[in-house]
Amino acid sequence: MSTSPSISNLLFLFLFLLIAAASTTVSATDHIVGANRGWNPGINYTLWANNHTFLVGDLISFRYQKTQYNVFEVNQTGYDNCTTEGAVGNWSSGKDFILLDKPKRYYFICGTGGCFNGMKVSVVVHALPPPPKSAVSADHSNTKSAASASTPPPALWVLIAGLLMGFLGFSL
Ligand SMILES: *[C@@H]1O[C@H](CO)[C@@H](O)[C@H](O)[C@H]1NC(C)=O
Ligand SMILES: *[C@@H]1O[C@H](CO)[C@@H](O)[C@H](O)[C@H]1NC(C)=O
Ligand SMILES: *[C@@H]1O[C@H](CO)[C@@H](O)[C@H](O)[C@H]1NC(C)=O
Ligand SMILES: *[C@@H]1O[C@H](CO)[C@@H](O)[C@H](O)[C@H]1NC(C)=O
Ligand SMILES: *[C@@H]1O[C@H](CO)[C@@H](O)[C@H](O)[C@H]1NC(C)=O
């Protein structure tokens, strides 16, 4: 009995699981601060932020002249007063991508004085939304099955893998 069919079956199974896992991943958004105007003085970034929805896992990115400006993540006091004491982080590459990995309000300011000219932005990052409406619209009395239908638990993948391996003639 040749071993090559088993190897190709394993590869097939691996690819199947990989595709299944990838198809359940929600893609993240990169929010470019100020859009095509970038990170510069004289822009109302509150208006920009109000026009965006930020979700955990998204990126916020700052594009600017690195010889003139930079980015500091501060707390509310730093944001209100344009001070960088106790800053959580700072970036100065001129093209900074910052991962928004927590559901909270973030505060970013320019630390070279631009903050006093409007270079400050505060964004509220929301936890990931529930699954697409089609999966949960059924009704409220059936939330348990709706939830399990939209996000298969790991055990289900093990079951699928097991069935598939059985189907392909594996013996464990
Ligand atoms: C930015 O726009 C908001 C909403 O219109 C306004 O409340 C705020 O005062 C503006 N900020 C500045 C610095 O002009
Ligand atoms: C808000 O978003 C829309 C659509 O992307 C865009 O056309 C508009 O210019 C934005 N407004 C502001 C203030 O950024
Ligand atoms: C922030 O600035 C305001 C006035 O601009 C001041 O009253 C307040 O004490 C400052 N807060 C801190 C923590 O420095
Ligand atoms: C922000 O950080 C500064 C410096 O660590 C601290 O004095 C201030 O109380 C903090 N403000 C808030 C709102 O947490
Ligand atoms: C900027 O961040 C680095 C660590 O990434 C830190 O060592 C440095 O002190 C920070 N600079 C300021 C001015 O806070």
Side-chain angles (χ1 to χ4, degrees), residues 14-15 17-140 143-144 146-155 157-158:
F14 178 73
L15 283 175
L17 290 175
L18 206 65
I19 290 164
S23 65
T24 62
T25 309
V26 179
S27 63
T29 304
D30 174 25
H31 303 276
I32 302 170
V33 174
N36 58 9
R37 294 194 289 171
W39 186 228
N40 282 296
I43 297 169
N44 188 330
Y45 289 106
T46 303
L47 293 178
W48 172 83
N50 287 348
N51 208 12
H52 290 250
T53 301
F54 302 89
L55 300 176
V56 166
D58 284 358
L59 297 171
I60 188 169
S61 65
F62 294 82
R63 287 138 205 237
Y64 55 93
Q65 283 293 324
K66 66 177 176 185
T67 52
Q68 295 184 61
Y69 309 120
N70 62 17
V71 179
F72 275 79
E73 184 186 343
V74 296
N75 63 16
Q76 187 178 1
T77 305
Y79 177 85
D80 288 343
N81 290 6
C82 287
T83 53
T84 58
E85 283 115 63
V88 185
N90 62 78
W91 297 263
S92 54
S93 78
K95 193 171 180 182
D96 310 319
F97 295 87
I98 302 169
L99 177 65
L100 302 169
D101 61 353
K102 292 190 187 71
K104 65 168 192 178
R105 183 179 278 278
Y106 284 79
Y107 302 91
F108 299 99
I109 67 172
C110 172
T112 62
C115 180
F116 297 104
N117 250 316
M119 294 177 70
K120 47 160 60 183
V121 62
S122 165
V123 305
V124 176
V125 177
H126 302 280
L128 287 177
K133 225 181 166 112
S134 58
V136 290
S137 62
D139 69 325
H140 304 293
T143 47
K144 194 178 174 189
S148 62
S150 53
T151 52
W157 290 117
V158 173

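When a ligand or atom number is given, it counts from 1 through the structure's own listing order. Throughout, numbering of the chain's residues begins at 1 and tracks the sequence. Predicted model only: the values in this text are computed from it and were never measured.
Per-residue contacts place Asn90 under 4.0 angstrom from the following atoms of ligand 5 (heavy atoms of the residue considered): 1 (C), 2 (O), 3 (C), 8 (C), 10 (C), 11 (N), 12 (C), 14 (O). Using a 4.0 Å cut-off to heavy atoms of Phe72, the atoms of ligand 5 that qualify are 12 (C), 13 (C), 14 (O).
Note: His31 and His52 have perpendicular aromatic rings, judged against thresholds of 30 and 60 degrees for the angle between ring planes.
Taken as a pair, Cys110 and Cys115 fail the criterion of an SG-SG distance shorter than 2.5 angstrom.
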Donor-acceptor pairs are to be reported for all side-chain atoms of residues 34-43 against protein atoms at under 3.5 Å, with residues two or more places apart or in another chain.
residue : atom : partner : partner atom : Å
Trp39   : NE1  : Asn70   : O            : 2.9
Asn40   : ND2  : Arg37   : O            : 2.8

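In terms of N/O distances under 3.5 Å, ligand 4 is approached by Thr77. Considering both main-chain and side-chain atoms, Glu85 never comes within under 3.5 Å of ligand 4 through any nitrogen or oxygen pair.
Rounded to the nearest 0.5 Å, atoms OH (Tyr64) and OG (Ser92) are 5.5 Å apart.
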If you look at each N/O of ligand 1, which protein N/O atoms lie under 3.5 Å away, and at what distance?
residue  : atom   : partner : partner atom : Å
ligand 1 : 2 (O)  : Asn44   : ND2          : 2.3
ligand 1 : 11 (N) : Asn44   : ND2          : 2.9

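For residues 86-95, no pair satisfies salt bridge (charged side-chain N to carboxylate O under 4.0 Å, His left out), with sequence neighbours left out. Judged as a side-chain hydrogen bond (donor to acceptor under 3.5 Å, both in side chains), the pairs with a partner in residues 105-124 (not counting sequence neighbours) are, in order, Asp101-Tyr106, Arg105-Ser122.
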For this session: Output, in order, the C-alpha distance, side-chain angles, deciding distance and verdict of salt bridge (charged side-chain N to carboxylate O under 4.0 Å, His left out) for Lys104 and Glu73.
Result: CA-CA 13 Å; Lys104 65 168 192 178; Glu73 184 186 343; 3.6 Å; yes
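Between the side chain of Asp58 and the backbone N or O of Thr29, at least one donor-acceptor pair lies under 3.5 Å.
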